[in-house]
Asker: 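Structure below; questions to follow.
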Amino acid sequence: MSRDISIYKKKTQNSYKLFNESLKQHVNGVSHNIRYFKPYPFVTKYAIGKYIVDVDQNKYIDFWLGHWSLILGHANSTITKHIIEQASHGWMYGTVNEQTIKLSDIITKAVPIAEKIRYVTTGTEAAMYAIRLARAVTGKKTIAKIDGGWHGYTTDLLKAINWPFSESESNGLVNEKYIISLPLNNLEKSLDILKTVKEDLAGIIVEPILGGGGCIPATKEYLQGLQEFSHHNNSIFILDEIVTGFRFRFGCTYTELDLKPDIVLLGKIIGGGLPIGVICGKKEIMDKSNIAFNKKSERVYIGGGTFSANPLTMVSGYHTLTMLKTKHSIYNKINTLGNKTRNLLNKTFGNRAVITGDGSLFMIHFLQNNVSNVTNALDASRCDKKLLYNYHFKLISNDEIFFMPGKQGAFSYAHSNEDVKHLIEATTRFVDGT
Ligand SMILES: Cc1ncc(COP(=O)(O)O)c(C=O)c1O
């Protein structure tokens with residue numbers, strides 16, 4: 001590791017200087033805690049296709065892809081053209097615009113549950129409003145989430161993210177007692193926990209694949225079991241598809257899982273990499289926030305905010321989704337790259353690691369503490385996270401491959417078989433200690 005650090009320091013001298021400036025200006029030098037890694041993160045100069053390039057001209061194959069938002073890769077030429085064209089006609093209207101109607105049209109056709117949509121600027125906001133709506137619609141307070149589930153930094157949901165999932169994640173939170181958490185893929189235990197709050201259960205929020213918590217798919221039976229409990233108890237079932245929406249196919253995962261969520265959250269890909277969050281769902285639920293026909297005493301305010309549905313994001317999202325819809329080869333390509341990578345990583349690591357994920361998403365868990373399979377965040381937390389960090393850092397310092405250390409990787413349309421080969425060769429060197 002110390003050898004990797006000296007290699008990294010040698011080749012990132014401009015980043016070092018600039019990051020010291022950043023440290024003076026910003027909390028911990030970053031604007032999102034997960035963007036920091038030791039000894040200091042490189043500073044990005046530009047990004048194109050599958051590459052992200054730092055201020056020292058190091059060119060990394062990017063598996064982070066802007067928090068997995070760039071399914072077409074960086075600066076895709078078609079999307080760039082449309083963004084530039086839109087920018088020349090104004091990038092911020094603050095009024096109803098045609099660009100939004102076009103994006104919503106394509107979303108509603110692919111996601112039939114989206115009978116009504118409200119745009120926001122981040123996934124965090126979408127999750128915050130979903131919780132508020134669930135509470136308002138049901139008149140109850142308790143929300144169930146999943147251990148390790150990540151829905152952004154909302155005051156409500158900043159709970160049960162890191163092991164042991166029972167301690168407060170941050171100071172400054174209030175009413176934490178109204179958030180309970182469940183072990184992913186353990187339906188029996190989850191239902192036992194839910195039964196203790198069923199009179200006050202406003203909703204359940206769950207990701208189809210635990211993303212930040214370890215790239216772990218939820219089983220169909222588990223999700224269906226949670227949904228059944230939720231509906232049986234007149235609670236709102238919220239599916240957070242901010243990472244999974246339009247990631248594996250043109251649409252959401254809930255259709256394949258035979259689910260009927262009341263509210264679906266979208267983000268990331270649907271803005272084509274520009275800031276976005278979407279809360280959408282059944283008309284009767286979304287309309288609770290309609291100030292046009294609800295009495296003040298009955299309605300619930302959900303926002304949108306200054307930059308919601310800005311035409312630049314709408315255009316970027318519309319053309320990204322249009323490409324995904326019309327170019328069928330995209331999903332085939334990235335899902336195949338993901339499957340191939342999981343298989344080859346499995347072979348390369350043997351019984352030292354478990355590779356989780358689905359389609360174009362993948363993550364490595366180094367086994368220890370008698371863990372032999374990773375099906376929830378507890379298993380993931382007992383794996384060797386330090387080794388994962390060291391592995392990712394070795395790829396950055398020696399092999400010009402970038403994963404945000406410790407996080408899942410993703411493929412984009414800009415990647416190719418060559419990148420799989422490069423990753424596996426680098427991984428083999430890591431395993432061999434060379
Ligand atoms: C599943 C999920 N929900 C919500 C969020 C929050 O979205 P944002 O970072 O846009 O606020 C994220 C972010 O990674 C996420 O992965």
Side-chain angles (χ1 to χ4, degrees), residues 30-36 63-71 118-132 134 143-162 169-170 179 181 184 203-218 223 237-248 252-254 257 261 263-281 302-305 307-310 313 316-317 320 356-363 376-377 380 403-404 406-410:
V30 291
S31 295
H32 195 315
N33 289 334
I34 59 174
R35 292 184 190 161
Y36 178 83
F63 288 102
W64 173 233
L65 294 162
H67 299 235
W68 325 299
S69 67
L70 294 159
I71 196 164
R118 180 59 67 92
Y119 288 101
V120 291
T121 319
T122 63
T124 302
E125 290 164 85
M128 175 177 81
Y129 293 134
I131 298 307
R132 189 179 300 165
I143 299 288
K145 71 182 285 288
I146 306 297
D147 292 337
W150 176 251
H151 309 280
Y153 280 97
T154 84
T155 298
D156 281 317
L157 296 172
L158 198 59
K159 187 152 178 219
I161 292 157
N162 296 296
E169 298 282 346
S170 165
I179 304 291
S181 76
L184 184 76
I204 302 178
I205 182 165
V206 54
E207 303 158 79
I209 293 189
L210 200 63
C215 194
I216 309 167
L223 291 170
F237 187 61
I238 306 163
L239 205 60
D240 182 343
E241 296 236 29
I242 285 171
V243 171
T244 54
F246 295 89
R247 166 53 65 185
F248 310 110
C252 285
T253 59
Y254 75 82
L257 296 164
I263 293 176
V264 168
L265 307 181
L266 296 168
K268 301 200 193 261
I269 290 174
I270 56 149
L274 289 184
I276 198 163
V278 155
I279 165 168
C280 59
I302 63 171
F307 297 107
S308 57
N310 71 78
T313 299
S316 165
T320 299
T356 57
D358 197 8
S360 53
L361 298 177
F362 62 103
M363 171 127 179
N376 58 35
F403 286 81
M404 187 55 78
K407 298 289 162 197
Q408 66 182 2

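In each ligand, atom 1 is the first atom listed, and ligand 1 is the first ligand listed. Note that the structure is predicted; figures quoted are calculated from it, not measured. These values consider heavy atoms only, across backbone and side chains, with no hydrogens, waters or symmetry-generated copies.
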Asker: Closest non-hydrogen protein atom to atom 10 (O) of ligand 1, residue and atom name please, with distance?
Answerer: Gly123 N, 2.9 Å
Asker: I need the atoms of ligand 1 closer than 4.0 Å to a non-hydrogen atom of Glu207, numbered in the order shown.
Answerer: 1 (C)
Asker: Mind checking whether His151 has an N or O less than 3.5 Å away from an N or O of ligand 1?
Answerer: no
Asker: Side chains of Glu207 and Thr244: any donor to acceptor distance under 3.5 Å?
Answerer: no
Asker: Evaluate the criterion side-chain contact (heavy atoms from CB on, under 4.5 Å) for residue pair Lys407 and Trp64; output intermediate values, then yes/no.
Answerer: CA-CA 8 Å; Lys407 298 289 162 197; Trp64 173 233; 4.0 Å; yes
Asker: Mind listing the closest non-hydrogen atom pair of Ser316 and Leu274 along with its distance?
Answerer: CB-CD1, 3.8 Å
Asker: For ligand 1, which part of Trp150 has a heavy atom less than 4.0 Å away: the side chain, the backbone, both, or neither?
Answerer: both
Asker: Any side-chain donor-acceptor pair under 3.5 Å between Tyr119 and Asn310?
Answerer: no
Asker: Give a yes or no answer on whether the side chain of Lys145 reaches the backbone of Val206 with a donor-acceptor pair at less than 3.5 Å.
Answerer: no
Asker: Identify the closest protein heavy atom to atom 3 (N) of ligand 1: which residue and atom is it, and at what distance?
Answerer: Asp240 OD2, 2.7 Å
Asker: At a non-hydrogen distance cut-off of under 4.0 Å, which region of Thr124 contacts ligand 1 (side chain, backbone, both, or neither)?
Answerer: both
Asker: So is Val243 polar-close to ligand 1, meaning N/O to N/O under 3.5 Å?
Answerer: no
Asker: Please state which part of Lys268 comes within less than 4.0 Å of ligand 1, counting heavy atoms only: side chain, backbone, both or neither.
Answerer: side chain
Asker: Taking side chain as C-beta onward, heavy atoms only, is Leu158 less than 4.5 Å from Trp150?
Answerer: yes
